[in-house]
Colleague: 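First, the structure itself, so that you have it in front of you.
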Amino acid sequence: MATMGAFRTFLLSYPEILLAALCFLSLAALRLALRCRGSSVPLRWPVVGMLPFVLSNLGHLLDVATAALRDSGCMFVFRGPWLVGGDFLVTCDPATMHHCLAANFDCYDKGHDFAEMFDVAGNGLLNADAASWARQRQVVATVFAAPLFRSFVISTVGRQTARLLVPFLDHAAAAGRAVELEDVFMRFSLDVSYAVVFAADLDSLSVSAADAPYPPFGQATRIAGEAVMFRHVVPARWWKLLRWLNVGIERRFAEAKAVLDEFVYLEIANRKAKPLPQGEGQGGDLLSMYMAWPRDPAMTDRQRDEFLRDAAVGYMIAAKDLVASALTWLFYMLCTHPHVEDKVLAELESLRANAACCGGKPVVFDCDTLRSATYLHAAVLETLRLHPPAPFEEKEARADDVLPDGTRVTKGTRILFCIYAMGRVEGIWGDDCREYRPERWLSGSGRVRHQPSYKFAAFNCGPRSCLGKDLGLTNLKIAAAAIIYNFRVELVDGHVVEASDSVVLHTKNGLMVKVKRREAA
Ligand code: HEM
């Protein structure tokens with residue numbers, strides 16, 4: 001303090017030195033600006049680092065990060081403000097992705113900072129690292145592979161599509177009113193994952209609840225998503241201060257976590273008092289599956305309840321918003337590429353010809369029929385390539401390491417993998433990478449082409465890849481096929497659709513559409 005005071009007195013006594021220092025800094029900044037003219041790579045300003053890049057590009061960070069990665073050869077170092085820190089490496093290089101997430105997996109963790117920002121997931125799989133992650137991954141993988149669970153998930157998706165999604169759109173079509181489709185998918189996804197976890201219906205999408213606000217549980221999951229994003233974009237000290245003061249978004253986040261906890265713990269207590277009946281397809285819900293899991297004798301009752309809570313909330317986080325985001329972008333792509341929609345419809349019509357008729361009622365395709373819908377599958381994958389629902393993946397180096405291009409990373413370096421940029425860089429997907437072309441996923445014989453996960457990383461890559469990939473894709477296809485076959489979906493004239501800066505790839509202004517029943521279209 002005394003040194004700072006003396007320094008200030010010195011500068012004020014010699015204003016010409018202060019002026020010279022300011023001139024020097026301005027000239028340095030100008031030189032830097034001129035040197036980097038024409039390049040999208042962020043400028044590193046004296047003192048404030050690359051913060052101006054973030055502030056001046058808020059609202060379209062994904063696109064400017066993509067341009068910067070294209071210009072920098074797929075990698076650059078982001079420098080935070082002096083003393084505040086926040087430096088990290090940004091990359092979309094497939095070789096680096098493979099190195100950090102697969103080949104050298106043990107050297108890269110999610111890290112403590114990530115777990116703190118994402119504390120709503122508790123100590124569950126999504127936040128765990130090292131031995132705890134390996135243990136939990138085995139449990140989750142076993143539950144997800146169980147036929148009882150899989151058939152429960154798939155039948156739940158079909159059931160909610162038939163009783164909520166299709167009637168809701170039918171009602172909107174009959175009323176001739178515009179619909180915000182992203183909100184519809186968020187509610188639908190909430191209803192599906194809620195039913196999968198708790199074997200109960202929340203019905204946030206029902207026709208009668210069309211204009212009703214989100215139920216408190218859904219509202220809490222929504223606030224949690226916004227708060228986690230906020231924690232990602234502001235310096236850690238900032239959101240920690242707000243948390244400590246219990247104000248603003250941090251206060252809402254604390255309240256949302258309390259709502260989630262209260263609800264889930266109550267549900268666990270009810271289940272313990274009165275377990276759901278087993279057999280005949282019963283007991284396949286996530287909570288029943290975990291409650292039936294052999295108990296670790298070293299666990300106290302409280303730890304066991306926390307384990308169940310983290311599994312339930314973790315599932316909602318992993319499954320809900322990502323599926324809703326994928327459905328939103330799929331329909332945006334179909335609306336803007338009608339020739340693709342026509343091909344998907346023709347494929348569904350050919351599959352429908354082999355299926356039983358249902359007397360003029362809207363058709364909901366089942367999972368077995370959709371296994372042959374390869375063009376629909378390709379259209380979904382192509383959507384995920386250009387619009388990955390999780391646009392970033394973060395890791396922290398546990399030890400010093402050297403990346404495939406020779407870049408040295410020191411222990412503690414944070415690496416941000418920009419999955420969104422990967423689909424949009426010519427060097428990775430070719431000159432037509434920014435075009436929506438499902439055909440790139442199909443071989444000459446019409447089979448779906450495999451792409452390595454370090455190139456197509458929408459479901460992450462390496463040992464920590466998405467455990468719900470198959471279930472997620474099935475969910476997407478059942479919902480999408482029912483909509484495409486029964487309705488024509490058109491963008492509302494003049495409505496602009498853009499990606500927002502968020503941890504899940506939402507739109508900025510929603511997806512406003514008009515829906516018409518096919519026979520009336
Ligand atoms: C389009 C839908 C989906 C996409 C794009 C997607 C993508 C991802 C991504 C990128 C990760 C890595 C996250 C991270 O490391 O932080 C992940 C992990 C995970 N996903 Fe998915 N996911 C989807 C749907 C689902 C569904 C429906 C489920 C559940 C049935 C699920 C379960 C999981 C689980 C349990 C993990 C954690 C794996 C681990 O940490 O070891 N996902 N997913």
Side-chain angles (χ1 to χ4, degrees), residues 97 100-102 105 108-111 114-115 117-118 121 123-130 132-146 149-154 156-157 185 188-190 192-197 228 232 284-286 289-290 310-330 377 380-396 415-420 422-423 453-454 456-480 503-506:
M97 185 106 194
C100 300
L101 300 183
F105 174 75
Y108 293 89
D109 272 348
K110 287 202 165 178
F114 180 89
M117 282 194 275
F118 214 49
N123 298 316
L125 177 72
L126 295 175
N127 269 346
D129 275 319
S132 163
W133 168 78
R135 236 184 356 261
Q136 296 197 49
R137 171 104 186 172
Q138 206 205 344
V139 177
V140 180
T142 312
V143 169
F144 279 24
F149 179 70
R150 296 184 75 78
S151 66
F152 185 80
V153 175
I154 291 167
T156 300
V157 174
F185 290 145
F188 169 68
S189 239
L190 172 65
V192 168
S193 38
Y194 186 93
V196 166
V197 175
V228 170
H232 271 80
D285 60 286
L286 189 103
M289 296 295 293
Y290 277 93
D310 291 348
V313 174
Y315 185 92
M316 302 288 295
I317 296 173
K320 185 173 71 68
D321 290 8
L322 298 182
V323 170
S325 159
L327 278 169
T328 304
W329 291 106
L330 172 65
H377 193 82
V380 169
L381 295 180
E382 180 69 345
T383 302
L384 297 174
R385 183 183 73 81
L386 285 170
H387 301 282
F392 293 109
E393 171 71 15
E394 280 178 63
K395 281 286 153 80
E396 184 179 314
I415 306 188
L416 197 68
F417 300 91
C418 187
I419 317 292
Y420 180 87
M422 283 185 92
S453 57
Y454 52 85
F456 172 63
F459 293 97
N460 211 0
C461 122
R464 210 157 182 163
S465 291
C466 174
L467 274 170
K469 180 178 174 185
D470 290 349
L471 288 172
L473 287 171
T474 304
N475 184 346
L476 277 168
K477 287 187 285 182
I478 291 176
V503 277
V504 173
L505 196 70
H506 291 301

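Here the structure is a predicted model, which is why all the values come from computation and not from measurement. Just the heavy atoms: all of them, side chains too, but no hydrogens, waters or symmetry mates, feed the values below. Both counts, for ligands and for their atoms, begin at 1 and track the order of listing.
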Colleague: Of all heavy-atom pairs between Phe114 and Leu126, which one has the smallest distance, and what is that distance?
Modeller: CE2-O, 3.9 Å
Colleague: Look at atom 10 (C) of ligand 1 and find which of Cys466, Ala458, Ser193, Ala128 reaches it with the closest heavy atom.
Modeller: Ala458
Colleague: Considering residues at least two apart in sequence or located in another chain, which fulfil the ring-ring contact (aromatic ring centres under 6.0 Å, His included) criterion with Phe392?
Modeller: none
Colleague: How are the rings of Tyr315 and Phe149 set relative to one another: parallel (under 30°), tilted (30 to 60°) or perpendicular (over 60°)?
Modeller: perpendicular
Colleague: Is any side-chain heavy atom of Asp285 closer than 4.5 Å to one of Phe152?
Modeller: yes
Colleague: Can you name the atoms of ligand 1, numbered from 1 with element, that are less than 4.0 Å from a heavy atom of Pro389?
Modeller: 5 (C)
Colleague: Give me the nearest non-hydrogen protein atom to atom 40 (O) of ligand 1 as residue plus atom name, then the distance to 0.1 Å.
Modeller: Arg464 NE, 2.9 Å
Colleague: When rounded to the nearest 0.5 angstrom, what is the spacing between CG in Asn127 and CG in Asp310?
Modeller: 8.5 Å
Colleague: Does any N or O of ligand 1 fall below 3.5 Å from an N or O anywhere on Tyr315, backbone included?
Modeller: no
Colleague: What protein heavy atom sits nearest atom 4 (C) of ligand 1, and how far off is it?
Modeller: Phe459 CE2, 3.5 Å
Colleague: Can you tell me which residue and heavy atom of the protein come closest to atom 14 (C) of ligand 1, and the distance to 0.1 Å?
Modeller: Lys110 NZ, 3.2 Å
Colleague: Looking only at protein heavy atoms, which one is nearest to atom 6 (C) of ligand 1, and how far off is it?
Modeller: Leu322 CD1, 3.4 Å
Colleague: Classify the contact between Val153 and ligand 1 as side chain, backbone, both or neither, using a heavy-atom distance cut-off of under 4.0 Å.
Modeller: neither
Colleague: Under 4.0 Å from a heavy atom of Trp133: which atoms of ligand 1 are those, numbered in the order shown and with their elements?
Modeller: 39 (C), 40 (O), 41 (O)
Colleague: Relative to ligand 1, is Glu393 under 4.0 angstrom through side chain, backbone, both or neither, heavy atoms considered?
Modeller: side chain
Colleague: At what distance is the nearest protein heavy atom to atom 12 (C) of ligand 1, and which residue and atom is it?
Modeller: Asn460 ND2, 3.2 Å
Colleague: Any non-hydrogen atom of Glu394 lying under 4.0 Å from ligand 1?
Modeller: no
Colleague: Check whether any heavy atom of Asn475 sits under 4.0 Å from an atom of ligand 1.
Modeller: no
Colleague: I need the nearest protein heavy-atom contact for atom 28 (C) of ligand 1: residue, atom name and distance, please.
Modeller: Gly468 CA, 3.5 Å
Colleague: Of the protein's non-hydrogen atoms, which lies at the shortest distance from atom 39 (C) of ligand 1, and what is that distance?
Modeller: Arg137 NH1, 3.4 Å
Colleague: Show me which atoms of ligand 1 lie under 4.0 Å from any heavy atom of Leu126.
Modeller: 37 (C)
